[in-house]
**Q** 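Handing you a structure now.
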Amino acid sequence: MLAGELVAFGTETVYGLGADATNGRAAADVFEAKGRPHFNPLICHYPDPESAFRDVEAGELARRLAMRFWPGPLTLVLPRRVTCGVALLAGAGLDTLAVRVPAHPAALALLRAVGRPVAAPSANRSGQVSPTSAEHVLDGLAGRIAAVLDSGPCPVGIESTVLDLSAGQPFVLRPGGVPQEALEAEIGRVHRGITPSAAETTRTLRSPGLLVSHYAPRLPVRLEADSVAADEACLAFGPPLPGSSLLFQLSAREDLAEAASRLFEGLRWLDREGLARGLRGIAVSPVPSIGLGLAVNDRLQRAAAPR
Ligand code: TXA
Ligand code: MG
């Protein structure tokens, strides 16, 4: 990585496509390898809050959240310091930077060894389902990256919550591994959606995580299904839907954390098996929009959005 090469690595959320964030050339290679249509800001990863807060200005809220949720699946968008050495391209030229300290021993060991901020979007081709195993990474990026550090399946399985603290009031830009309720228990009311400052930069900020169609398998996805057609596969949460011949169970006991951890694996598996069997779509059981269910439904809605 210090030589400018791209190295994918496991985190608690999904596998990241890592590059030395201070190396503009390496950041450019990340966009190229992913096939991102525009230059969108990347999240910078650090081994501890102190090193993260050397690159961004952290107020009291940020410090409280870092204390409570780092290391963990929370990304904070904060104003860049003038001394910040992250390549402008990695941050898409914005005056804010998204920073996170991941909770995975392999990721933390890598970050400590590199000793520089590591820019890492999810290690998938743009628009496709995020990877939760080293095998998923190679499915999409073999031949485009130098290495993948295989640390097994990702325990959380869904990307970090992106919280914008640069706009005066806290805004969740992307629901993820830390539920909104948990954030609110720590800092009070948190808004949902695009911040005014984010909207302003939306031309550059059309980042994959905010695009409507994203996380898309090749088969069309139908949400809130109460039954399955003969030519559909079933992504179940709780009791399998009547009529399903090809089934992937997110969580038989309706546990949202289990469902989040299995979501991308399930979409990939049903897509592959369903296509092999000539099926024409994926029907998905309803999932409640509480806790991690909000992030699960966010990803499902994008997977089902018109392409
Ligand atoms: O869990 C995760 O966050 C994974 C792992 C590898 O850490 N990373 C990830 O990165 O999901 P990516 O590039 O797929 O998604 C990055 C998202 C963007 O969609 C965007 O919403 C947000 O982070 N983002 C990054 N920089 C931002 C900024 N300066 N302002 C607003 N949003 C930003
Ligand atoms: Mg992504």
Side-chain angles (χ1 to χ4, degrees), residues 7-19 21 27 30-31 33-36 38-46 55-56 70-80 84 86 88-104 106-108 110-111 117-132 136-137 140 148-149 151 154-167 171-178 193-202 204-212 214-216 260 264 295 298-299 302-303:
V7 178
F9 62 99
T11 76
E12 81 281 28
T13 57
V14 301
Y15 274 72
L17 174 55
V30 168
F31 292 109
K34 273 187 71 87
R36 272 201 187 182
H38 306 287
F39 285 167
N40 310 299
L42 306 175
I43 297 173
C44 283
H45 297 68
Y46 299 83
D55 281 348
V56 289
W70 280 354
L74 176 66
T75 294
L76 299 177
V77 174
L78 291 164
R80 249 177 104 109
C84 173
V86 170
L88 281 176
L89 181 57
L94 300 177
D95 51 15
T96 57
L97 187 69
V99 297
R100 133 169 158 86
V101 177
H104 194 294
L108 290 171
L110 173 73
L111 293 170
V118 170
S122 52
N124 53 281
R125 296 278 292 164
S126 186
Q128 294 176 358
V129 177
S130 295
T132 53
H136 294 165
V137 173
V148 52
L149 299 182
S151 52
C154 302
V156 174
I158 205 157
E159 296 89 342
S160 61
T161 301
V162 178
L163 184 71
D164 190 344
L165 291 176
S166 71
F171 270 83
V172 171
L173 299 181
R174 176 179 74 182
V178 173
I194 292 200
T195 45
S197 71
E200 233 169 74
T201 44
T202 298
T204 37
L205 227 164
R206 288 213 155 274
S207 30
L210 300 177
L211 288 178
V212 177
H214 197 55
Y215 310 102
F264 293 142
D298 173 80
R299 304 307 186 272
R302 290 169 207 274

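Whatever order the structure lists ligands and atoms in, that order sets their numbers, starting from 1. Below, each value reflects all heavy atoms present in this structure, side chains not excepted, and no hydrogens, waters or symmetry copies.
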**Q** Any heavy atom of H104 closer to ligand 1 than 4.0 angstrom?
**A** no
**Q** Between R100 and ligand 1, is there a nitrogen or oxygen pair with a distance under 3.5 Å?
**A** yes
**Q** Would you give the length of the straight line joining atom CG of L97 to atom SG of C44, rounded to the nearest 0.5 angstrom?
**A** 4.5 Å
**Q** Check ligand 1 against I43 and write out every atom of the ligand that is under 4.0 Å from a heavy-atom position of the residue.
**A** 3 (O), 8 (N), 9 (C), 10 (O), 16 (C), 23 (O)
**Q** Using distance alone, determine whether R36 and ligand 1 share an N or O pair under 3.5 Å.
**A** yes
**Q** With heavy-atom distances below 4.0 Å as the criterion, list the atoms of ligand 1 near S122.
**A** 8 (N), 9 (C), 10 (O), 12 (P), 14 (O)
**Q** Among T96, V30, T161, V156, which one has a heavy atom closest to atom 29 (N) of ligand 1?
**A** T96
**Q** Check for me whether D164 has a heavy atom closer than 4.0 Å to any atom of ligand 1.
**A** no
**Q** Any heavy atom of A120 sitting closer than 4.0 Å to ligand 1?
**A** yes
**Q** Can you list the residues that meet the ring pair (Phe, Tyr, Trp, His ring centres under 6.0 Å) rule with F264, with sequence neighbours excluded?
**A** Y215
**Q** Could you list the atoms of ligand 1 found under 4.0 angstrom from a heavy atom of S160?
**A** 1 (O), 2 (C), 3 (O)
**Q** For the residue pair S130 / E159, report whether a side-chain donor-acceptor contact shorter than 3.5 Å exists.
**A** yes
**Q** Indicate yes or no for a side-chain donor-acceptor contact from T11 to the backbone of T13 under 3.5 Å, with no hydrogens or angles considered.
**A** yes
**Q** For S160, give me all partners under side chain to side chain donor-acceptor pair (under 3.5 Å), at least two apart in sequence or on another chain.
**A** T75, R174
**Q** With distance as the sole test, does K34 use its side chain to make a donor-acceptor pair with the main-chain N or O of N124 at under 3.5 Å?
**A** yes
